[in-house]
Every structure is written in structure tokens, then in C-alpha cells.
Amino acid sequence: MKTVQKFLDELNSEYLRLHKTYEDLFWLSYMGDHSVDKKMTQAIAARDAFRSNSELLQETKSFLKGADANTKQRLRTWVRFFELYQSPHHLLELKNKISELESSTLKKRATRKEGYIDPYTGVFVETSALKMRTMRNTHDDEKVRKACYEAGEELAQGLVPEYVELVRLRNEYARGMGYSDFYAFKTEREDGMKKEELFTLFDSIYDKTKFVFAEIRALEKKMPGLRKPWNFSYMMAGDFTKEEDSYFQFDEALLRWGRSFSAMGIDYRKGRLQLDLLDRKGKWNNGFCHWPDLVHYEKGKRIPGSSNFTCNVVAGQVGSGVMGYNTLFHEGGHAAHFLNVDERDVALNHEYAPMAMSWAETQSMFLDTVFSSIEWKTRYAKDAAGTPYPFELYERKVRKLAPLRAKRMHSILFVSNFEREIYEAKNLTTDKVLSIARKNYRKYFDESEDSLYALNVPHIYSWESSGSYHGYGLAEIALSQWRAYFYKKYGYIVDNPNVGKEMTEVWKYGSRYTYKQFVRLATGKNPSTKALLEDMTMSADEAIAEAKKRISQLQKVKEYTKPVKLNAWISMVHGKKEIATNAVSFEDMAEKYGKWVRNQARIKP
């Protein structure tokens, strides 16, 4: 007769195997090798069949009777896990059909021809969607910016037929599970919230911050053409992007990130990191972090996990380096979160349900606010001559961009509400999709033209991230509350090992708790929009005064000058080519990778 311990060992071993098989294929596919797509779809089906296995659920429940308290807790973890994924057999077939369509859609998106029509020659210029987006923000020629915008609008329409079918199939699945639509299915399963509760909260935030549109319209009178979608970012921040660029050269990013995380005491606990950070044709054009090897236990011993993360830096392009820095902090934060878990059962040690995307994103977004803070910039961001990022530049930027303080949250509300309306729409058609996309762009951006930008957001095409974008909004609420907690308790966050220590304490629980429970555990209070709204409605004078206070506080803290110690094996790659590792030291790896990045910047595309 099988013992409960043997049963638990088998569950962990089998899920580890299925998870890793899928994740290894996922990485290859998303990095551009679509020869594995069929195998990846089969691996998804095998993983999903395990997660939805009703016999395993019943067998898990059967062991509860007579188990000791600790074993009961572990068994209930697996009961919760299996119950989240239960579905009738015929819905498994439907889920496989959805996975196949997603794979073919991914391949079409990754291999499509991208570029813009040169406004002067009429010649097609092959350029990645990501590079065109950066050009819209930084190119001095309005005609070129407009050409890049129009190319993006064209690309947005390329996958609409597939998207309509994905929405139909996902809704069919959700209704088969007893939910009104796929969005309701995702919010209740992943966040433990009713869709109505979520959007009541989001509508309240929107109502309290939409005053910024009147400010921008008033500004347009002094800046004609400001609200044209190909002008807005350029006219508001384009000069700043260029002016700041010398302080964020990507060849220096690795070392600065490593020192900053080391100073905060962030430890990857002997995990393995693989980073693929430069853009190339066929590669998925959005950053992400996944974990092929989950932290697990063998004979009572903790076995470290591994993490892959990526972004699409265009070496040498103005404004692209900042994205790379942000990825190191954001995705590096994700990696730290899941490589620090201590749960005995792998059902709690990954980014999928029962983990709430909102709590997972709180970790990564918290750490990218470390990078974006003025304290970090004045300490770490330096130009080639070693001159630190000037506070005068920050002050000019804050005063000009004050009306944009709410825009980051508006972008999240935009995608979330677009998807909600899409899944709620009756008899969805291509025309309805385009209409809903334009209507929501008008509401949340208030520009002179209604863009199809929502259809260029990669999250909407994947089962795991579709209907989950609101997680970024909930994360904004939590991280603002967490930052306020740390500032009140310690006075500073950058280079504060106490902050890293407290974050690590909650990381060890994996997905044991809900988003609301984790926020309460981390901050001592229930989630509240108070800190977020204070930040979004702060005046320029208030923001500048707060920045001076934080810089003054950090000046009392000694700079980190010791060797970088992240307690991880790190490999920097470009596709299947390994560029550098930290086998000698982190500093040696950073120097070799920086040299390679500089060489890539000299290579003409």
C-alpha cells in the first residue's frame, strides 16, 4: 500500500518533470526556434492533463484521513491546486485546441514582416515593432514618427481573426466551468476577486485621476499637435529620453544592477539565471521571466531552481538602454521571488495559479521602482565621464511631466477594461474588436486619434496572461503601500539590506496566501489605494521636495563597493550563443558582456 509520503513525492516529481519539459520548449520557441512548437503544444497538454486529473484529486483527499497536522497541510495544498484546474474531459480537448491556436498565432506574430514606409521615398524599411515604438518616442522627424505609428496600426490588425477565435474558445471554456466569461474565470481563480469588485476599484481610481486629461488639453494650446498619438511621447519626453541616454548606456547595466541588488541583500540562493536581453528577428518582443527548474526538496534537502529572463534591447538605440535596466530590476525581481521560495511542495513554487499575478508583479514592479527612483539615479547612473545623473535634469522632467503621473496606471486600466469588454461582447466580430480597442484608447488616453494599440499588447494572445493585465494595477496598489511602509520604517529603500531581508521573508511562502493576505503580511495593513493616489496626485513641488528628502537620507548610507555577490550561476546568452558567465566573477562577466554589447551597437541592422 502506497504511503502518504511516497504519494507526495510522486506528485512533486511528476509535476516537476512536466513543468520543466514545457518550460524548456517554451523558452526555445519564444526565443525564435519555432521547430519545437508542436512539441511545446503537446507538453502543455500533458501538463494540463496532470493539473486537471480528477483521480489524483480524489486520491489526495483520501490521504487526509489519519494524516498528521503537517502532512494534512501539504495535502490540502495539493487539493487546492488540483481543484483550481479541474474541468470536464471535453473541456480538456477544448483547452488543447486553444493551445494549438495560440502556438500558431505566436509563430505568425514572431515571423511576420515588420517595418514602416519611408515618408520620403515610399520604400518599405524593415524594422522591428519594438524599434518603431522607440522611434515614435525619440525620432526628431514627425513624418517618420507618424509612419512608425501607422505601421503599428497596421500590425495591430494582422491577428484580429485569430484573436476573435481565441476569445470565443476561451469563453466557451470558461462557461463550461460555470463562469460568465473568461475574464470572470481569471479574476476569481487567480486573484480571488469578483470581476465587479475589481472594476469598481479601478473605476474609482480612474475617476480620481482623469483630471489629468484637462491639464494635457490645456498644455496642447502651448504645444500644437501634442495629442497626436505619434507626437505625445516625443513632445512630452523625447528630449528627456535623449538627454538621459548617456546615463543609462546598456553596456554598464549589468554591473550597476548587480551592485544594487547586492547592496539590498538580494540572494538567489544558488539558483541558475539565463539572460537573453538583445532584440533579434523572430524573438518574442516583450520581456518575461520563467522558471524551468522549480525549487523543490529531495530527501529533505532543498534543491535550488533556475530562471530564464529576457527583453529586447536594441544596442546603441537612444532610449533602449533604459528598457534593459528596467528588465534587470523587474525580471530580476521576479527571479529572486521564486528562487527564494521555501515551500516543500512545488504546487506553491511557480508563477501559475494558485500564485496571484498581482502579488507576483508586486515584487518585480517594486524592484523596478528602485531603479526608477531619483535616489538610485543620483547614486548609480553616470555618464562615460563618471558624472552622476543631475538633479537639475530630474527637476525639469518632473515639472514638465507632472500631468503624466497617472498615465502609467491609466495604461493598465486601459488594457484591463479593453479585455473585459472583449470577453463580455456578444457575437464578437473583427469590427467589434476594432471598435472596442478604439473606444478604450479614447477613454484612457484622450488623444486626437483613436489607436488600435490594445491589439499590439502581447499579453492578450496568451492563455496565462490574457485576462490578467489587471494584476499590474493591483500590484501598483500593493507596491505603493509597501514603499510607504518602508520609507516610514527605515527612511530609505535603495541600498537598504533590511528591505531585501523583509522581502525575502515573504518570498519564502511561494503562493501559500492570497494577494490580500500577502499585502497584510508585508505591510501590516489591508490593501489600500491611499499611497498610490497620493503619489499620482502629487504636485511637482511636492514631488521635488520628497526627492530631495530621499536623496539626503541616502547620502547617510555608505555606497556598496564590495564584489557583487548574488549567490547564483549566471549565463548571458544571445539565442543559443553564450556570451559570458560569472564563472570567474560577476565583474568579469559584466566586463565581457559590456564589450559584446558595444560591438553589437556598431553592427548595422
Side-chain angles (χ1 to χ4, degrees), residues 73 76-77 80 84 183-209 333-334 337-338 340-343 348 351 353-370 405-406 408-410 412-413 416-417 420 467-493 496 498-538 546:
Q73 183 184 54
R76 285 176 182 143
T77 289
R80 177 188 174 207
L84 281 170
Y183 209 111
F185 165 72
K186 291 298 284 289
T187 54
E188 291 187 43
R189 193 189 76 154
E190 295 181 0
D191 298 287
M193 296 177 73
K194 294 285 187 182
K195 187 172 58 170
E196 294 74 19
E197 177 189 1
L198 174 69
F199 284 97
T200 296
L201 176 66
F202 279 8
D203 289 346
S204 172
I205 293 171
Y206 175 76
D207 287 340
K208 291 173 182 175
T209 56
H334 272 312
H337 180 193
F338 287 104
N340 271 280
V341 293
D342 266 340
E343 293 291 347
L348 298 177
E351 74 271 34
M355 172 55 68
M357 176 182 166
S358 48
W359 182 245
E361 291 301 332
T362 298
Q363 317 314 309
S364 55
M365 291 166 64
F366 180 98
L367 286 161
D368 68 47
T369 63
V370 170
R405 293 190 73 83
R408 174 163 153 158
M409 190 65 180
H410 284 179
I412 295 167
L413 301 183
S416 303
N417 204 63
R420 180 189 69 157
S468 300
Y469 209 85
H470 62 267
Y472 296 112
L474 293 174
E476 288 281 5
I477 293 169
L479 74 87
S480 296
Q481 185 169 325
W482 214 359
R483 283 170 63 82
Y485 161 82
F486 281 131
Y487 280 126
K488 184 177 180 180
K489 186 171 183 178
Y490 298 117
Y492 71 109
I493 291 175
N496 189 338
N498 290 312
V499 172
K501 182 179 179 181
E502 287 204 33
M503 294 185 81
T504 302
E505 280 300 304
V506 295
W507 288 344
K508 68 183 182 183
Y509 294 111
S511 55
R512 175 162 298 282
Y513 303 115
T514 66
Y515 163 79
K516 292 179 181 178
Q517 289 170 328
F518 267 125
V519 173
R520 191 159 52 246
L521 179 66
T523 69
K525 296 179 180 179
N526 291 325
S528 166
T529 60
K530 183 176 182 290
L532 175 64
L533 287 169
E534 285 178 353
D535 181 64
M536 289 195 296
T537 58
M538 190 181 290
E546 185 66 24

Taking C-beta and beyond as the side chain, do [X] and [Y] meet within less than 4.5 Å on heavy atoms?
X      : Y      : value
Met409 : Phe202 : yes
Lys208 : Thr537 : no
Thr362 : Val519 : no
Met365 : Arg408 : yes
Leu198 : Asp191 : no

What do the steps show when you test Tyr513 against Val506 for side-chain contact (heavy atoms from CB on, under 4.5 Å), and what is the final call?
-> CA-CA 10 Å; Tyr513 303 115; Val506 295; over 6 Å; no

I would like to know whether Ile493 and Thr369 meet side-chain contact (heavy atoms from CB on, under 4.5 Å); could you show each step before the answer?
-> CA-CA 10 Å; Ile493 291 175; Thr369 63; over 6 Å; no

Under a 3.5 Å cutoff, is there a donor and acceptor pairing between the side chains of [X] and [Y]?
X      : Y      : result
His410 : Thr209 : yes
Tyr490 : Glu502 : yes
Thr187 : Lys195 : no
Thr200 : Glu197 : no
Gln517 : Tyr509 : no
Ser480 : Asp535 : no

For Lys525 and Lys530, what are the C-alpha separation, side-chain angles and deciding distance, and is it a side-chain contact (heavy atoms from CB on, under 4.5 Å)?
-> CA-CA 12 Å; Lys525 296 179 180 179; Lys530 183 176 182 290; over 6 Å; no

In Å, rounded to the nearest 0.5 Å, how long is the span from [atom1] of [X] to [atom2] of [Y]?
X      : Y      : atom1 : atom2 : result
Leu367 : Met503 : CG    : CE    : 4.5 Å
Lys194 : Glu188 : NZ    : CD    : 4.0 Å
Ser528 : Gln481 : OG    : CD    : 5.5 Å
Leu474 : Tyr469 : CG    : OH    : 13.5 Å
Tyr472 : Leu479 : OH    : CG    : 13.0 Å
Glu476 : Glu361 : CD    : CD    : 10.0 Å

Tell me the closest heavy-atom pair linking [X] and [Y], and the distance in Å.
X      : Y      : answer
Tyr485 : Thr523 : CD1-O, 3.8 Å
Val341 : Trp507 : CG1-O, 3.4 Å
Ser416 : Phe199 : O-CZ, 3.6 Å
Asn496 : Asn498 : OD1-N, 2.9 Å
Gly510 : Phe518 : O-CZ, 3.2 Å
Met538 : Arg405 : O-CD, 3.3 Å

Walk me through it: do Arg420 and Asp203 pass the test salt bridge (charged side-chain N to carboxylate O under 4.0 Å, His left out)?
-> CA-CA 13 Å; Arg420 180 189 69 157; Asp203 289 346; 5.2 Å; no

Kindly state whether the ring of Tyr183 and the ring of His470 have centres lying under 6.0 angstrom apart.
-> yes

Is the shortest distance from a Lys or Arg side-chain nitrogen in Lys501 or Glu505 to a carboxylate oxygen in the other one below 4.0 Å?
-> no

